[in-house]
Amino acid sequence: MSLTPSWNRFLLLPMLTAVVAGGCSGYDSSFAYSERTTSLMPEAQDGFKGDTEATPAISGVKQLLDDRFGDPQDLKAWLKLPVEFGGTQSAVAEYSAVKGVATVKFSVDEGKSLPETASSVQFVSGAVAGETLLISNWDAVTGQATLEGLPPKEIAAGDSCVIDGGTVMQSGRVLYMRHCSHCHGTSGDGAGPTAQYLNPRPRDYRHGIFKFTSTKDVSKASRQDFKRVLQYGIPGTYMPSFLLLTDSEIHALVEYVRFLSLRGEYERKLVNELAGDFSQKAVATRTEGGESLDAIVAELKEMLAGDIVEAATSIGDGVAEDWSMSDTEEAVIVPTVARVPDSAESRRRGRELYLSKTLNCADCHGVDGAGNGPQTIAYEKNPITGEPYNEAGLHDVWDNLNQPRNLHRGIYRGGRRPIDLFARIHAGIKGSRMPSFKNTPHEDIWHVVNYVLSIPFEAEPGATGVPVAAPVAVAP
Ligand code: HEC
Ligand code: HEC
């Protein structure tokens, strides 16, 4: 399931848009734009119509988003995305057009094989780059295809293309609509019809933040992390296990979640560029303050034609880069020391660290690990709006109540193996209030893991031996 090096090179080619052939009708649910997008002034959402050569159209946020990501009906394989769309990477070996019949012989790299069936081909380079051509007849042995009609321009030997590109995305989409969208929403906003009844809420993928990963604190989730979440679910929450799906179904879902998250984060960051000055609210304040609407519109037009185009490119590339990086070896947390064997001494040391002022786990999880530390009763303010929340306790970046885990229950959402807990303490739980302890020596993290794993089995709270009243000072 990993990208081959040659596929990677191919992703970086400058010509990057190929429309994936439609297929899969019957889902008329379109991607929604976020509420932040629809609260921008109309011109920022929709751009400006052009009429002549001299005044070309200028894209607004919706167009910029659709250009890269399309719609469920019309998925765009923006090949720069670190998503495996599916299909067979291929090249034109021979081309001929005789008496209105176009015949192409396709070749694949050594070690790869041609697909059994083929119904369309997307061109990535050459004169017809970006076009999807339909195949009317396919010979899997020779790789010879008859195209439906003539191509709009000449095809030449060496042109690179993808046969039946988008198959993984299409099946990911169908599976997602069936199994996930009622909780996570069609566009991954975490607000499907079932979502309002659940606590914690289904993940809103649009932040590009995932909680339970084996990757370092600044990284996104790896494909392997998503696979684990889909296979085992998130114990203690409404996120179910999909262990009954096949490997290739899970694979398609993982790619589709990556796609939705990329799209959502791109939209969010793009809107951030404009919301301050061009949200409907900001425009109302500006006009009340004496600015003319015409001047504001002119200012927006200049931005959309210039700075925003550049910002869109760098945001898109940045988000794509982050997701690619999360699948590399450097992103994964690897302890520098082997697991410290579980022993009474190690647990005792772990409890000292737990209570210490340096790690201060007790501040949130409570001195005995019941999830009732002092922080759980404080009233917090929403960091974005500055308004206090209506309920006491910690909140995550999605604004949901986010109380520390009761460690007596022995239910670990991100996996219960010692290495999972190591990663949890090292990276924290992203987007939540569980912080990263990446600067803590790895040996100490193992002691804490040993202590945490022992908590559900303690005869009485604090049985590890370190009294609560007199915490032992621990050197940083
Ligand atoms: C019944 C509702 C429900 C369904 C159905 C559901 N999820 Fe979830 N999902 C959740 C909840 C709730 C969470 C958040 C749990 C938490 O925050 O601890 C979640 C979290 C996730 C996460 C985030 C994991 C992380 O580390 O942050 C992913 C990815 C995910 N779900 C994918 C899927 C996919 C793919 C499907 C369909 C195959 C699916 N979910 C179906 C409720 C659901
Ligand atoms: C600032 C508050 C805070 C501190 C400090 C803190 N935690 Fe947490 N911790 C949380 C919250 C909140 C959660 C639940 C997050 C979620 O699931 O969204 C959590 C969850 C956990 C979990 C559950 C992991 C899982 O997979 O379900 C463990 C274990 C844990 N913390 C251990 C620790 C340890 C050990 C320390 C100290 C080294 C610590 N925490 C420090 C807030 C904190």
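Both ligands and their constituent atoms are indexed starting at 1 by order of listing.
Short contacts between ligand 2 and Val448, defined as distances under 4.0 Å to a heavy atom of the residue, involve ligand atoms 35 (C). Annotation for ligand 1: atoms under 4.0 Å from non-hydrogen atoms of Phe226 are 29 (C). Counting the atoms of ligand 2 from 1 in the order shown, those under 4.0 Å from a heavy atom of Asn360 are 5 (C). Of all atoms in ligand 1, numbered sequentially from 1 with element shown, those under 4.0 Å from a heavy atom of Val257 are 35 (C). Heavy-atom proximity to Gln403, at under 4.0 Å, picks out these atoms of ligand 2: 12 (C), 14 (C). Atoms of ligand 1 found under 4.0 Å from any heavy atom of Leu253, numbered from 1 in the order shown, are 38 (C). Residue Ser432 approaches ligand 2 through these ligand atoms, each under 4.0 Å from one of its heavy atoms: 15 (C), 18 (O). Using a 4.0 Å cut-off to heavy atoms of His182, the atoms of ligand 1 that qualify are 5 (C). Below 4.0 Å from some heavy atom of Leu421 lie the following atoms of ligand 2, by number and element: 29 (C). The distance from ligand 1 to the heavy atoms of Leu198 drops below 4.0 Å at these ligand atoms: 2 (C).
For atom 27 (O) of ligand 1, the nearest non-hydrogen atom of the protein is Lys211 N, 2.7 Å. Protein heavy atom nearest atom 14 (C) of ligand 1, with residue, atom name and distance: Arg201 O, 3.4 Å. From the protein, the heavy atom lying nearest to atom 12 (C) of ligand 1 is Pro200 O, 3.2 Å. Ranking protein heavy atoms by distance to atom 16 (C) of ligand 2, first place goes to Asn402 ND2, 3.4 Å. Regarding atom 5 (C) of ligand 1, its nearest protein heavy-atom neighbour is His179 O, 3.3 Å.
Side chains of Thr37 and Glu267: a donor on one and an acceptor on the other come within 3.5 Å. No hydrogens or angles considered: nothing links the side chains of Ser39 and Ser279 as a donor-acceptor pair under 3.5 Å. For the residue pair Asp396 / Ser432, no side-chain donor-acceptor distance below 3.5 Å is found, with atom types taken as modelled. Residues Asp189 and Tyr205 have side chains that never bring a donor and an acceptor to within less than 3.5 angstrom of each other. For the 3.5 Å distance criterion, the side chains of Asn450 and Arg339 qualify, holding a donor opposite an acceptor. For the residue pair Ser90/Thr88, the side-chain donor-acceptor check at 3.5 Å is not satisfied. Side-chain contact, Glu387 with Asn382: no donor N or O sits under 3.5 Å from an acceptor N or O.
Rounding to the nearest 0.5 Å gives a distance of 13.0 Å between CD1 of Ile429 and CG of Asp217.
Nearest approach of Asp327 to Arg223, heavy atoms of both residues: OD2-NH1, 2.9 Å. Gln280 approaches Gln45 most closely through the heavy-atom pair NE2-NE2, 3.8 Å. The two residues Arg228 and Gly415 make their nearest non-hydrogen contact at NH1-N, 3.9 Å. Between His182 and His179, the shortest heavy-atom contact is NE2-O, 3.8 Å.
Two residues are said to be in side-chain contact when any heavy atoms from C-beta on lie closer than 4.5 Å; Phe123 and Leu133 meet this criterion. Between Pro335 and Ile419 the shortest side-chain heavy-atom distance falls below 4.5 Å.
Below 30°, between 30° and 60°, or above 60°: for Tyr451 and Tyr354 the angle between ring planes is above 60°, a perpendicular geometry. The aromatic rings of Tyr256 and Tyr176 are tilted relative to each other, their planes meeting at an angle between 30° and 60°. Using bins of under 30°, 30° to 60° and over 60° for the plane-to-plane angle, the ring pair Phe69/Phe259 lands in the perpendicular bin.
Contacts between Asp225 and ligand 1 below 4.0 angstrom, taking non-hydrogen atoms only, are absent altogether. Contacts between Phe242 and ligand 1 below 4.0 angstrom, taking non-hydrogen atoms only, involve the side chain exclusively. At a heavy-atom distance under 4.0 Å, only side-chain atoms of Leu230, from C-beta outward, approach ligand 1. Under 4.0 Å from ligand 1, the heavy atoms of Tyr205 that appear belong solely to its side chain.
Residue-environment remark: OH (Tyr33) exceeds the threshold of 12 foreign heavy atoms within 6.0 Å. With a 6.0 Å radius and a threshold of 12 heavy atoms from other residues, nucleotides or ligands, Glu443 has its CD atom at or below the threshold.
Of all protein atoms, those that are N, O or S and lie under 2.8 Å from atom 8 (Fe) of ligand 2 total 2.
The shortest N or O to N or O distance between Arg413 and ligand 2 is below 3.5 Å.
The heavy atom nearest to atom 26 (O) of ligand 2, considering only Gly350, Gly414, Gly431, Ser356, is found in Gly414.
Distances from atom 8 (Fe) of ligand 1 under 2.8 Å pick out these protein N/O/S atoms: His184 NE2, Met239 SD.
Using a cutoff of 4.0 Å between basic side-chain nitrogens and carboxylate oxygens, Glu273 and Lys269 are not scored as salt-bridged.
Contact between Leu407 and ligand 2 is present, with at least one heavy atom of the residue lying under 4.0 Å from the ligand.
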